[in-house]
Colleague: 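Below you will find the structure I want to go over with you.
The first residue of the sequence shown is numbered 1, and numbering continues consecutively from there. Not measured: the values here are computed from a predicted model.
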Amino acid sequence: YSNGTWTGSATSVVFTIGGTSGNRRISGITVTTEDVAPSVAAPTFSVASGTYTEAQNVELSCETEGAAIFYTTDGTDPQSNGTLYEASITVSETTTIKAVALKDNDYSSVATATYTILHIQTIAEVRAQGTGTVYTQGVVTSISGTTAYIQDTNAAICVYGNSELVVGNEYTVQGTLSTYKGLLEITQPTCVVVSEGNVVEPEVMTIEQINASDKQGWLVKIENATVTSISGYNTTIAQSENTIVVYNISGVEYREGDI
């Protein structure tokens, strides 16, 4: 019999065995396929996927001349649900844009970009969030090496990993929350100065009030306390029967019995 032949299109294939008489039996067929790149280029985005602290204007383009672009901003398929692209897309909230190009009934592959837009949070909101990426603002009240503390009107938090902060300066801080030995901190911070020379007055509190509060990182002043023990950088102070451990980062030399 004659060699078989393949005929068909992109959607169906027919295999025909040659010859006009006798029985025919196929002992095996090996089919080898390869991906064929779409003839229409996928759309590109003027702004790369990423995390931003302000709204972004995203423009779509296609290298294929005369191709139309369709897009969605709700994560659905732009080929079936897309809107015709005619002007830049303003992204002011966290959004995923999917886009596809079309020319002569031929679609490109789908291009995707995700934009995370951060809005200023209060430090209390950051503390309540507990994990993830955050964006907040506060005045630096204390610094030790690459560890700093910032606070706003209601809460405070540790910022770890920036040695260029200045006490009294107010910063916006973008970073990732983590917990180190019970201390909630913003790590890998990106800090931008908002104002300089701010004065934050410490809140006068008793040891009993501090122990009963949830003011981690807050600038406080303790009056009339007695040093009861010293161990390295850890100094225990007391008021009546209430005690607290002070981590000495100021270089002050304490002695037991000091008030």
Colleague: Where do Leu84 and Ala68 come nearest, in terms of heavy atoms and distance?
Modeller: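 Residues Leu84 and Ala68, closest heavy atoms: CD1-CB, 4.0 Å.
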Colleague: Quick check: does any side chain N or O of Gln174 sit under 3.5 Å from a backbone N or O of Thr172, one acting as donor and the other as acceptor?
Modeller: no
Colleague: Return yes when atom CD of Gln188 has more than 12 non-hydrogen atoms of other residues, nucleotides or ligands closer than 6.0 Å, and no otherwise.
Modeller: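 No.
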Colleague: If a pair satisfies salt bridge (charged side-chain N to carboxylate O under 4.0 Å, His left out) and one of its residues is in residues 210-233, list it, with sequence neighbours excluded.
Modeller: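 Pairs touching residues 210-233 that pass the test: Glu203-Lys215, Lys221-Glu223.
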Colleague: Could you tell me which non-hydrogen atom of Ala111 sits nearest to which non-hydrogen atom of Pro43, and how far apart they are?
Modeller: CB-O, 3.3 Å
Colleague: Determine, step by step, whether Val204 and Val220 satisfy the side chain to side chain contact (heavy atoms under 4.5 Å, CB included) criterion, reporting the C-alpha distance in whole Å, the side-chain angles of both residues, the deciding distance to 0.1 Å, and the verdict.
Modeller: CA-CA 6 Å; Val204 178; Val220 299; over 6 Å; no
Colleague: Please check this pair: side chain of Asp104 against backbone of Asp106, looking for a donor-acceptor N/O pair closer than 3.5 Å.
Modeller: no
Colleague: Under the 4.5 Å side-chain heavy-atom rule for ILVMFWY, direct or indirect, which residues accompany Val200?
Modeller: Val139, Leu219
Colleague: What is the distance from atom CD of Gln137 to atom OG1 of Thr122, rounded to the nearest 0.5 Å?
Modeller: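 It comes to 11.0 Å.
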Colleague: Side chains of Thr72 and Asp77: closer than 4.5 Å at any heavy-atom pair?
Modeller: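 Side chain of Thr72 against side chain of Asp77, heavy atoms only: no contact under 4.5 Å found.
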Colleague: Of Thr95, Leu60, Thr83, which meets side-chain contact (heavy atoms from CB on, under 4.5 Å) against Ile89?
Modeller: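 The option that passes is Leu60.
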Colleague: On the 0 to 90° scale, with breaks at 30° and 60°, tag the Tyr247-Tyr233 ring pair as parallel, tilted or perpendicular.
Modeller: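 Rings of Tyr247 and Tyr233: tilted, 30 to 60°.
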Colleague: Is Ser46 reaching over with its side chain to a backbone N or O of Glu59, donor-acceptor style, under 3.5 angstrom?
Modeller: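 Looks like yes, one N/O pair under 3.5 Å.
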Colleague: With rounding to the nearest 0.5 angstrom, report the CG to CD1 distance, Leu184 to Ile186.
Modeller: 7.5 Å
Colleague: Under the 3.5 angstrom rule, does the side chain of Thr206 hit a backbone N or O of Gln209 as a donor-acceptor pair?
Modeller: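 Indeed, once roles are kept as given, a pair shorter than 3.5 Å links the two residues.
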Colleague: Over all heavy atoms of both residues, which pair between Ser108 and Ala41 is shortest? Give the atoms and the distance, please.
Modeller: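 The answer is CB-O, 3.4 Å.
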Colleague: Checking Thr116 against Thr94: is there a side-chain donor and acceptor pair closer than 3.5 Å?
Modeller: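 Thr94 vs Thr116: no donor-acceptor pair found between side chains.
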Colleague: Report the C-alpha distance between Val134 and Gln121 in whole Å, list the side-chain angles of each, state the deciding distance to 0.1 Å, and finish with yes or no for side chain to side chain contact (heavy atoms under 4.5 Å, CB included).
Modeller: CA-CA 8 Å; Val134 294; Gln121 303 163 274; 3.5 Å; yes
Colleague: Keeping the roles fixed (side chain from Lys98, backbone from Gly75), state whether a donor-acceptor pair exists under 3.5 Å.
Modeller: yes
Colleague: For the atom pair OG1 (Thr90) and CG (Asn57), what is the distance rounded to the nearest 0.5 Å?
Modeller: 4.0 Å
Colleague: One pair to check against side chain to side chain contact (heavy atoms under 4.5 Å, CB included): Leu118 and Tyr52. What are the steps and the verdict?
Modeller: CA-CA 6 Å; Leu118 300 178; Tyr52 299 91; over 6 Å; no
Colleague: Within the side chain of Asn242, is there an N or O that forms a donor-acceptor pair under 3.5 Å with the backbone of Ile207?
Modeller: no
Colleague: Do Val58 and Tyr85 sit in the same hydrophobic cluster, where Ile, Leu, Val, Met, Phe, Trp and Tyr count as joined when their side-chain heavy atoms come under 4.5 Å apart?
Modeller: yes
Colleague: When hydrophobic residues are tied together by side-chain contacts of less than 4.5 Å, even through go-betweens, does Tyr180 share a cluster with Leu177?
Modeller: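 Different clusters: Tyr180 never reaches Leu177 through Ile, Leu, Val, Met, Phe, Trp or Tyr contacts under 4.5 Å.
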Colleague: Are Tyr135 and Val159 linked, directly or through other ILVMFWY residues, by side chains that come within less than 4.5 angstrom of each other?
Modeller: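 Per the 4.5 Å side-chain linkage, Tyr135 and Val159 are not co-clustered.
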Colleague: Minimum heavy-atom separation for Val246 and Ile237, please, with both atom names.
Modeller: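 The pair with the smallest heavy-atom distance is CG2-CD1, 3.6 Å.
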Colleague: Go through it in stages, so that I can follow the logic: the residues are Ser61 and Thr44, the test is side-chain hydrogen bond (donor to acceptor under 3.5 Å, both in side chains), and I'd like the CA-CA distance, side-chain angles, deciding distance and then a yes or no.
Modeller: CA-CA 5 Å; Ser61 59; Thr44 57; 2.9 Å; yes
Colleague: With hydrophobic residues grouped by side-chain heavy-atom distances under 4.5 Å, do Ile97 and Tyr107 end up in a single group?
Modeller: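 Looking at the clustering, Tyr107 is in a separate group from Ile97.
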Colleague: Going by heavy atoms in the side chains, are Tyr171 and Val192 under 4.5 Å from each other?
Modeller: no
Colleague: Indicate yes or no for a side-chain donor-acceptor contact from Thr187 to the backbone of Thr176 under 3.5 Å, with no hydrogens or angles considered.
Modeller: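 Side chain of Thr187 to backbone of Thr176: a pair is present.
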Colleague: Which value, rounded to the nearest 0.5 Å, describes the distance between Ile157 atom CD1 and Ile123 atom CD1?
Modeller: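 If I round to the nearest 0.5 Å, the distance is 7.0 Å.
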Colleague: Just by distance, do the side chain of Asn162 and the backbone of Cys191 share a donor-acceptor pair under 3.5 Å?
Modeller: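 Here the side-chain-to-backbone pair does not exist.
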Colleague: To the closest 0.5 Å, what do you measure between CG (Asn154) and CZ (Arg127)?
Modeller: 12.5 Å
Colleague: Do you know which two heavy atoms are closest between Pro78 and Tyr71, and how far apart they sit?
Modeller: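 Closest pair (atom of Pro78, atom of Tyr71, distance): CB-CA, 4.0 Å.
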Colleague: So, does Gln129 use its side chain to make a donor-acceptor pair with the main chain of Thr131 at under 3.5 Å?
Modeller: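 Side chain of Gln129 to backbone of Thr131: a pair is present.
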Colleague: Checking Glu170 against Val193 for the side chain to side chain contact (heavy atoms under 4.5 Å, CB included) test, could you report, in this order, the C-alpha distance in whole Å, the side-chain angles of both residues, the deciding distance, and whether it holds?
Modeller: CA-CA 6 Å; Glu170 184 179 19; Val193 176; over 6 Å; no
Colleague: Do Thr228 and Thr236 meet the criterion of a side-chain donor-acceptor pair at a distance under 3.5 Å?
Modeller: no
Colleague: Any chance you could measure Asn234, atom CG, to Ser229, atom OG, to the nearest 0.5 Å?
Modeller: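 OG of Ser229 is found 9.0 Å from CG of Asn234.
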Colleague: Quick one: are Lys181 and Leu183 in side-chain contact, heavy atoms under 4.5 Å?
Modeller: no
Colleague: What are the two closest heavy atoms between Ala101 and Val40, and how far apart are they?
Modeller: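 The answer is CB-CG1, 3.7 Å.
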Colleague: Are Ile150 and Tyr160 linked, directly or through other ILVMFWY residues, by side chains that come within less than 4.5 angstrom of each other?
Modeller: no
Colleague: Closer than 3.5 angstrom, by distance alone: can the side chain of Thr76 be matched with the main-chain N or O of Asn81 as a donor-acceptor pair?
Modeller: no
